[in-house]
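Remarks on the structure that follows.
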Amino acid sequence: MPDGGATYSSPTPPSSCLPPLGKPARAMIDLAALRKDPAFFRQAWAARGAAVDLDALLALDQQVRELKTGFETAKAEVNTASKAIAMAAKSGQDVHAAKDKARQLGDHAKAIDEQREALEKQLHDLLLHLPNPCLASVPVGKDSGDNKTVAEWGTKPTFSFAPKAHWDLGPALGIMDFDRAAKLSGSGFVVLRGAGAKLARALISWFLDVHTTAHGYTELAVPYLVQPGPMQGTGQLPKFGDQLYKCAHDELYLIPTAEVPVTNYHAGEILEAAQLPVKYTAHTPCFRREAGAAGIGTRGMTRVHQFDKVEIVWLTKPENSDADLLTLRGHAESLLQQLGLHYRVLELCTGDTGFSSAHTYDLEVWSAGTNSWLEVSSCSTFTDFQARRANLRYRPAAGEKPHFVHTINGSGLALPRCLIALLETYQQADGSVIVPPVLRSYLGGLERIGGKS
RNA sequence: GGAGAGGUGGCUGAGCGGUUGAAGGCACCGGUUUCGAAAACCGGCAUUGGGGAAACUCAAUCGGGGGUUCGAAUCCCCCCCUCUCCGCCA
């Protein structure tokens with residue numbers, strides 16, 4: 001069984017390019033590995049609470065493979081017959097009988113292939129719903145109650161007055177407008193105005209500047225609308241399509257996170273080992289339907305249909321991905337530290353780890369106004385799960401076969417919840433808000449929002 | 001939106017019904033030559049799956065899907081993508 005440093009091996013990269021429209025997504029898990037070590041997958045999925053009938057799966061796989069060999073044998077006969085016809089025709093012989101015979105052979109092969117196709121589709125549909133196995137080091141647990149707090153930074157701010165929530169503070173300062181946002185777009189939207197809008201812009205610029213200078217990322221400005229291929233690549237489609245906004249007249253989706261265009265940026269390519277790790281950062285708005293989330297933490301701008309986020313993404317070598325995840329997490333954490341915001345780090349348990357992720361740390365910032373923790377970043381390694389679907393490979397050395405990279409990403413950071421924490425943490429008795437020093441140069445030297453200036 | 005041209009191996013680029021899984025070139029690997037390198041020359045070099053200890057062998061793959069045919073990269077239909085020109089608009 002693999003330890004934390006290695007997942008199942010992936011010796012069989014597929015050769016085709018991006019999954020084209022209409023073609024079922026590539027399997028997220030390696031069937032060859034599944035055959036070889038079913039016990040590993042059995043326990044990995046059990047740990048996640050995923051009900052998987054592995055025996056049925058393997059039996060189906062076995063049938064498919066038998067039909068495949070049956071077809072190949074039959075097809076080989078057809079090919080032999082066809083070649084004989086070509087030769088005979090060339091020398092002027094009568095080929096009518098031979099053609100009839102070949103047609104029969106062809107029909108037989110086709111019949112077998114149709115059976116294979118039906119079963120293989122069944123198999124594929126099953127595979128699509130299997131989550132990425134977690135790393136062996138991930139704590140086993142049922143749900144968010146079993147997540148482990150692995151770090152905590154700073155302390156809860158104290159106040160000589162009753163701290164307000166951002167949905168009171170923001171409108172009172174004239175920097176957030178929920179009512180008019182609803183007039184424009186319905187519930188789940190916000191209009192930032194004046195210093196609020198500028199503060200958001202300052203956060204974005206500052207985040208990007210830190211990542212591109214101190215942390216060594218290359219900034220990308222990417223499309224916000226993408227085709228189905230990239231959505232399949234990172235795992236949003238087909239399973240989570242109901243969370244996406246889709247254009248009515250075009251096969252285009254609004255991205256729910258910059259992860260989609262950024263991770264898929266190199267889809268279908270074979271990178272050189274020397275290029276790795278590839279590190280990108282990008283700011284984009286994120287669009288999420290939040291279907292089914294009505295009523296859960298929907299007040300204010302905690303959970304909205306559109307928000308800004310700076311994402312950080314790595315494409316890295318499999319042997320480095322575990323260590324790289326910690327580095328990436330550190331990059332996200334350093335932002336919170338420089339903002340002086342109290343936060344904690346959770347290591348998600350097997351039951352709470354996202355579908356495509358193998359290991360996730362959540363950064364949660366303290367919301368003083370609501371006495372709760374808010375997730376501002378989810379830092380995950382996807383091992384080769386996304387790379388397999390997006391066909392993201394690298395060549396370990398010249399002349400060697402390409403291998404899948406590992407993908408890692410996290411927010412660095414999500415805007416609304418940072419804004420919330422910032423306003424609530426730095427609010428003053430008079431309702432004004434002190435601007436953290438690192439942001440002041442982005443705000444023309446502004447030190448305080450609201451109050452007497 | 002209108003008109004046209006295309007999508008072939010790591011890249012480039014021929015092929016347009018039959019020993020074509022696919023010429024040529026580049027890149028890459030091995031060898032000869034050289035003190036060494038370059039150049040030149042010789043050889044090798046797609047992916048996936050099945051069988052085999054191996055040599056090897058069988059099948060599938062020329063954007064995706066379907067059709068015609070004994071046989072399709074080549075012919076027909078649908079879809080996707082890219083490019084060029086015109087129109088429209090920032």
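Quick caveat, the model's predicted, so the values are computed rather than measured. A, B, ... follow the sequence lines: proteins, then strands. Residue 1 opens every chain.
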Exercise for the section: Whole angstrom is fine here: how far is it from CG in A:L105 over to C1' in B:U69? Expected result: 15 Å
Problem - Salt-bridge criterion met for A:D113 and A:R116 (N-O under 4.0 Å) - result: yes
Handout entry: A:R65 side-chain N/O to B:G50 phosphate OP1/OP2 under 4.0 Å
Key = yes
Practice task
Using side-chain contact (heavy atoms from CB on, under 4.5 Å) as the criterion, list what pairs up with A:A44, not counting sequence neighbours.
Solution key: A:P133
Handout entry: Residues which pass side-chain contact (heavy atoms from CB on, under 4.5 Å) with A:T69, listed by chain and number, not counting sequence neighbours
Key = none
Exercise for the section: Under a 3.5 Å limit for both distances, which nucleotide forms a Watson-Crick or G-U wobble pair with B:A46, could you say? Expected result: B:U61
Problem - Qualifying residues under side-chain contact (heavy atoms from CB on, under 4.5 Å), relative to A:N320, sequence neighbours excluded - result: A:T316, A:K317, A:D324
Under 3.5 Å, which protein N or O atoms sit close to an N or O of nucleotides 71-75 of chain B? Give each pair with its distance.
| unit_1 | atom_1 | unit_2 | atom_2 | d |
| --- | --- | --- | --- | --- |
| B:G71 | O4' | A:S82 | OG | 3.1 |

Completion exercise
Re B:G9: Watson-Crick or G-U wobble partner, both distances kept under 3.5 Å, found to be none
Fill in the blank from the handout: Hits for side-chain contact (heavy atoms from CB on, under 4.5 Å) against A:E447, two or more places apart or cross-chain, chain-then-number order -> A:R440
Practice task
Pick base, sugar-phosphate or nothing for A:A102, based on heavy-atom distances below 4.0 Å to the nucleic acid.
Solution key: sugar-phosphate
Handout entry: Selection residues 175-195 of chain A - residue pairs positive for ring pair (Phe, Tyr, Trp, His ring centres under 6.0 Å), sequence neighbours left out
Key = A:F189-A:H305
Exercise for the section: Name the nucleic acid region contacted by A:A81, choosing base, sugar-phosphate or nothing; use a 4.0 angstrom heavy-atom cut-off, strictly under. Expected result: nothing
